[in-house]
Amino acid sequence: MMCRQVRQELIACWGSTDELEAAAVEHLRVCEACRIEAALLRETRVLLHSLPAEHAPSGLTKRVVARIADEQQPAGWWSRLAAWFVPEGSPAWARATAVGVAIALAAVGGTVLYHGTTSPGPDQAIIATTVAGGAQLAIGQQEIEDLMVRHQTLELTQPLADDPGVHLVMYTSY
Amino acid sequence: MAKGTALQQAEIERLVERAKRGDQHAFGRLVEEYKDKIYSYVSRMLGDPYEAEDVTQEAFLRAYRSLPRFRGAASFHTWLYRIASNLAIDVVRRRRRSDNVSYSLDEPLETDDGEYDREIADDTRGPEEASGTRETQVAVRRAIMDLPGKLRDVMVLYELQGETYEDIAQILAVPLGTVKSRLFNARNQLKERLKSLVAAGEIEVEQ
Ligand SMILES: [Zn+2]
């Protein structure tokens, strides 16, 4: 039996000689290189299996079930806005941050832009931003909702005509 | 075949049916049942516990959303693995690692399919084997991470997760012969990568 053939058999059985056929065992008796190879394989297996078991972080089930319950609620405009910036499948922290930014933008905008004018009601929160030229743009919650609905319709069917999506980006980025 | 699970197969099937009808509690029990399996697989594939948690959560979420399309042709745990595997591969790709395995590695071996025995399914280890030092474990993990993705997948699923060739073939959607040839190459490459570590210890060469 040739070294090459013996080594293939050794890999298949992780260097254990128990299951080798007689010809391979006989080869090992006379070939030190293959004996070393067998020992290396046995040790590799031991090392591989010395890794401790891994367990999911505590609370994972709770978090998954909470996210499922959350998904099945009709989403508020802020989370839909956040979802537009942070695609599905992003880490939880990124989505949470996006929701936070959307809400913060709404809150800051409402406070700054409508300062000195009629105090906005709960449905008239404002999102404001300063664009590159320093000009301030303002957009109301209702408009954002409308843009969002139009954007969601267009993004899949006619992405090139998705102007509402462009407006959402323009109005809500620094 | 669901190895190492506490719930009986019939109970799993009942929970899957309930979860399909939107029973979140039933799905929660399925998550509880499989979370360690999926997490450890993803963690060993990615080598990053935080990413592994995100991917594990996402895998379960996608499974829940896709449940109506789960026909039960594959076992539930195989199906879950498949979702997790795809997500993990996406992460690996995003990291822009070159995970291409040359064709020769995937070609069937000259040996027959039946040649590989499942001697590793027996997970009983002596106490001295189960307690590698921390540095050793780090080196072994690194060696696994250094394997090309396709080989790492099979290595982790077979050697560490204890999945069968048949289940791995389903999970990765590759022929049985490919699973075996990848495992062969994975063992060979791991041996080469750990050679210095092994040589530093005592090699016992049987006479
Ligand atoms: Zn030889």
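Each chain gets a letter, A, B and so on, in the order its sequence line appears, and its residues count up from 1.
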Open item on the list: With a 4.5 angstrom heavy-atom cut-off, is it the side chain or the backbone of B:Leu160 that approaches chain A, or both, or neither?
Closed with: side chain
Task: B:Phe76 ring center within less than 6.0 Å of B:Tyr34 ring center - done: yes
Open item on the list: Ignoring hydrogens, what is the shortest heavy-atom contact between B:Lys20 and B:Phe70? Give both atom names and the distance.
Closed with: NZ-O, 2.6 Å
TODO: Name the region of B:Ile38, side chain, backbone, both or neither, that has any atom closer than 4.5 Å to a heavy atom of chain A.
DONE: neither
Open item on the list: Heavy-atom cut-off 4.5 Å, strictly under: side chain, backbone, both or neither for B:Glu51 against chain A?
Closed with: neither
Open item on the list: For B:Val154, is there any backbone N or O sitting under 3.5 Å from a side-chain donor or acceptor partner on B:Arg182?
Closed with: no
Open item on the list: Using only atom types and a distance under 3.5 Å, with no angle test, would you say the side chain of A:Arg35 pairs donor to acceptor with the backbone of A:Arg29?
Closed with: yes
Open item on the list: Looking at chain B, which one of A:Ala38, A:Ala69, A:Ser16 has the largest number of heavy-atom pairs inside 4.5 Å, strictly under?
Closed with: A:Ala69
Open item on the list: Looking at B:Ser66 and B:Ala63, would you say the former's side chain and the latter's main chain have a donor-acceptor pair under 3.5 Å?
Closed with: no
- [ ] Heavy atoms only, distances under 4.5 angstrom: which of A:Val64, A:Val65, A:Ile68 has the most pairs with chain B? Name it, please.
- [x] A:Ile68
